[in-house]
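Below is one structure, written out as structure tokens; comments come after it.
The chain is numbered in sequence order, starting from 1. Each ligand, and each atom within it, is numbered from 1 in the order the structure gives.
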Amino acid sequence: MRPVRVILNAKSPLINTPAWLALQDHFKRVKNTHMVDLFDEDPQRFDRYSIEFNDMLLDYSKNRITDETLKLLFDLAKQAGVEEWRDRMFSGDKINNTEGRAVLHTALRNRSGKPIFVDDENVMPQVEAELEKMRVFSRKVRSGQWIGYAGLPITNVVNIGIGGSDLGPNMVCRALAPYAHNNIRVHFVSNVDGAHIDHMLNYLRPETTLFIVASKTFTTQETLTNANTAKQWFLEGAGRVTEDDIAKHFVAVSTNETAVKEFGIDPENMFRFWDWVGGRYSLWSSVGLASVIYVGMDNFIEMLEGAHEMDNHFQTAPLEKNMPVILAMLGIWYGNFFNAESSAVLPYDHSLRMLPAYLEQADMESNGKSVDREGRQATYSTGKIIWGAEGINGQHAFYQLLHQGTRLIPTDFIASVQSNSEHQNHSDILASNFLAQTEALMKGRDIEETRQQLKDAGIELHKAEKRVPHMIFEGNQPSNSIVIKKLTPRALGSLLAMYEHKIFVQGIVWNLNSYDQWGVELGKKLTNNILEELESGKDFHEHDSSTKGLLDWFRKSCLKEED
Ligand code: F6P
């Protein structure tokens with residue numbers, strides 16, 4: 001635990017609760033158990049510890065668990081009131097207590113026809129209306145009916161947004177690229193480093209480009225700066241254009257109509273969503289507009305359907321057979337009892353290459369908290385560091401540390417069976433690598449096996465003995481395997497909803513509000529102070545000597561360049 005500067009007198013009682021203490025006790029007894037022995041003892045282990053949901057399989061048998069472990073973990077979930085909190089979330093209760101907001105991304109994909117109420121108002125008609133607006137608009141763009149100022153159809157769509165207004169739709173576009181429109185390309189600009197937008201604009205023509213300015217608050221500095229640069233580029237490139245012409249090339253996605261108007265986008269061209277949708281949970285809303293244009297509304301709806309099916313599973317399956325709950329509780333087992341600090345997401349599907357980055361925000365911005373719902377100090381570790389990359393590339397980069405490093409790093413391997421590529425030989429190699437890696441991480445290689453292999457390779461005994469310690473693999477590294485038959489829009493929806501609910505369950509067990517993000521505020525405020533000083537060359541604020549030294553160095557270096 002990192003030491004805290006502000007000591008809150010009140011401490012969260014979680015670690016002294018019966019379910020927690022029982023797990024601690026159990027941990028002491030089983031912490032050295034090797035998974036190889038667990039597999040040897042129980043030939044049915046895979047059947048016992050795997051479940052299917054639609055076309056998805058979760059194999060969690062390669063975990064350091066027994067029936068007893070799982071029972072105690074589910075006891076902890078029950079003690080935390082996971083089921084009650086889940087029902088409160090789905091029914092529109094304001095469980096985001098610090099902001100007084102409901103948490104209803106699930107309403108965006110509610111395909112049941114049942115109403116959902118926030119402040120006594122059924123939100124479903126608004127959700128449906130916005131989906132319809134997206135359908136009509138995207139159909140026009142995709143069919144070439146939406147004509148730019150020069151009478152040409154749109155061929156390039158640029159989503160300008162950051163965080164949840166970028167990562168979600170960006171990841172969805174990559175994941176569903178095989179379903180994409182042949183003649184429309186979608187781009188994402190997020191970084192305020194001008195190099196990002198410059199690079200993009202170099203390849204675009206104002207007459208065939210549509211900008212989507214996506215920002216929940218419409219106050220985010222990076223997004224508004226990029227949007228203004230895009231507008232300027234458009235006006236300079238297009239020459240004499242009218243307000244009507246701008247309307248053909250700029251649309252907004254936001255909850256903030258006033259700010260959208262101020263920016264100069266007609267509210268007619270604004271796609272809405274609501275304060276009960278968290279930014280990092282917003283890809284199901286009109287924030288998904290870029291992905292709708294790219295893959296079409298029918299595919300987007302399929303994705304919503306898949307997510308809704310996972311919502312139903314999460315709401316109705318008993319905890320013991322509930323995919324998000326199982327994943328969440330395994331994460332808690334490693335994070336809080338084995339003290340694992342991170343967890344890796346390793347997709348063996350090129351289309352899912354952006355999933356780790358997306359989940360970094362979804363998970364770490366949600367559960368990176370050290371104070372519980374009641375404002376008490378959390379005396380246990382909470383959100384784990386989520387990281388990862390495409391599995392196959394990672395094998396040739398960071399897997400060494402997974403296999404022989406000193407840390408326990410639980411992993412999620414994600415693979416799809418039916419590839420989008422026609423090269424079956426590539427798919428077979430990819431699948432074999434995925435299977436082999438989870439096996440190697442679990443089994444490792446002991447001394448005897450290592451010696452034998454060296455002997456078989458004809459290495460002389462004295463040389464072999466020197467090498468043995470370096471070639472031993474401890475194994476016992478846990479992994480979940482999530483296997484999807486084919487990465488369809490529906491399967492993607494289910495996969496993403498599964499992770500969202502996993503994050504929710506962990507937040508409930510840790511007694512956190514997973515739906516605020518006060519931690520990003522301080523940096524934003526200090527940025528504005530420093531920007532003022534950087535631009536004016538004057539000092540207005542007090543800084544530590546390091547920040548001051550860096551600021552001065554920046555200023556000096558700027559001047560030299562100008563000279
Ligand atoms: O800075 C963090 C954050 O507030 C995220 O939560 C959010 O997804 C991102 O910024 C973008 O915010 P907005 O959509 O309001 O521009």
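Ranked by closest heavy atom to atom 9 (C) of ligand 1, the top entry among L167, I162, V287 is I162.
Listed by number with element, the atoms of ligand 1 under 4.0 angstrom from any heavy atom of V520 are 1 (O), 2 (C). Residue-ligand proximity, T220 to ligand 1, at heavy-atom distances under 4.0 Å covers atoms 12 (O), 13 (P), 15 (O), 16 (O). Atoms of ligand 1 lying under 4.0 Å from any heavy atom of G163, numbered from 1 in the order shown and given with element: 8 (O). Annotation for ligand 1: atoms under 4.0 Å from non-hydrogen atoms of G164 are 7 (C), 8 (O).
Closest non-hydrogen pair, M200 versus H187, comes out as SD-CB, 3.3 Å. The two residues A389 and F398 make their nearest non-hydrogen contact at CB-CE2, 3.9 Å. Residues I197 and N226 share a closest heavy-atom pair of CD1-O, 3.4 Å.
Within the structure, salt bridge (Lys or Arg N to Asp or Glu O under 4.0 Å) pairs that include any residue of residues 521-531 do not occur (at least two apart or interchain).
Ligand 1 has at least one atom lying under 4.0 Å from a heavy atom of K524.
Listed by chain and residue number, R490 satisfy the salt bridge (Lys or Arg N to Asp or Glu O under 4.0 Å) test with E309 (two or more places apart in sequence, or in another chain).
Polar contact check, Q517 against ligand 1: no nitrogen or oxygen pair lies under 3.5 Å apart. For the pair T223 and ligand 1, the shortest N or O to N or O distance does not fall below 3.5 Å.
When only non-hydrogen protein atoms are considered, atom 3 (C) of ligand 1 lies nearest to E365 OE2, 4.0 Å. The protein non-hydrogen atom at the shortest distance from atom 15 (O) of ligand 1 is T217 OG1, 2.6 Å.
For the residue pair N256/S254, the side-chain donor-acceptor check at 3.5 Å is not satisfied. Between the side chains of Y499 and D412, a donor-acceptor pair is found at a separation under 3.5 Å.
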